[in-house]
Amino acid sequence: MKLLIAIVQDEDAHMLMDDLSENGFRMTKLASTGGFLKAGNTTLLLGIDEDRVDEALRIIEEDCKSRKTTTTLLNVTMPGEAYVPLPMEVQIGGATIFMLDVEKFIRI
Ligand code: 2BA
């Protein structure tokens, strides 16, 4: 069994969870926050039998869209210690996925 940790955009999370559920995948949704944008995103934990990992990845790829956003996260320090927000365009990926081997899976 593999544990997929998939970080996706909130906009895609609902449809993705529906599609994964309809195809028999079990998951846990965590509300998360990206370290760079400091904006909400969704982290899904999926315990998956190895022979179904590719299927899950295909569904994630179909549902999760890459988008551009503009952030004013970065500041430019001006003389006199004034901070001017600097708009910056950021491309957020469809999904960031970590895949781990599961040593043991127990449901009680
Ligand atoms: P954030 O950390 O809020 O990052 C949002 C997007 O900002 C990233 O999209 C990337 O395009 C950009 N970005 C991140 N750090 C940057 C930096 N130091 N300089 C310039 N641009 C930067 P993605 O790469 O698609 O990541 C989307 C979300 O996935 C991230 O949200 C974070 O929550 C998670 N993530 C990505 N890589 C990760 C990693 N190595 N470990 C843990 N979480 C990760």
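FYI, side chains are in, hydrogens and waters are out, and symmetry mates aren't considered; it's all heavy atoms of this structure. Both counts, for ligands and for their atoms, begin at 1 and track the order of listing. Heads up: numbering here begins at 1 and tracks the sequence.
With hydrogens and angles ignored, the 3.5 Å screen pairs no side-chain donor or acceptor of D63 with any backbone N or O of D12. Of the possible polar contacts, one joining the S66 side chain to the I92 backbone as a donor-acceptor pair under 3.5 Å is found. Formation of a donor-acceptor pair under 3.5 Å by the Q9 side chain with backbone atoms of G93 is found in this model.
Pocket lining of ligand 1, defined as residues with a non-hydrogen atom under 4.0 Å away: I7, G34, G35, F36, L37, N41, V90, Q91, I92, G93, T96, F98.
No path of Ile, Leu, Val, Met, Phe, Trp and Tyr side chains, each step under 4.5 Å between heavy atoms, connects I7 with F36, placing them in separate hydrophobic clusters.
At least one side-chain heavy atom of M17 sits less than 4.5 Å from a side-chain heavy atom of K29. A heavy-atom distance below 4.5 Å is not found between the side chains of L46 and L3.
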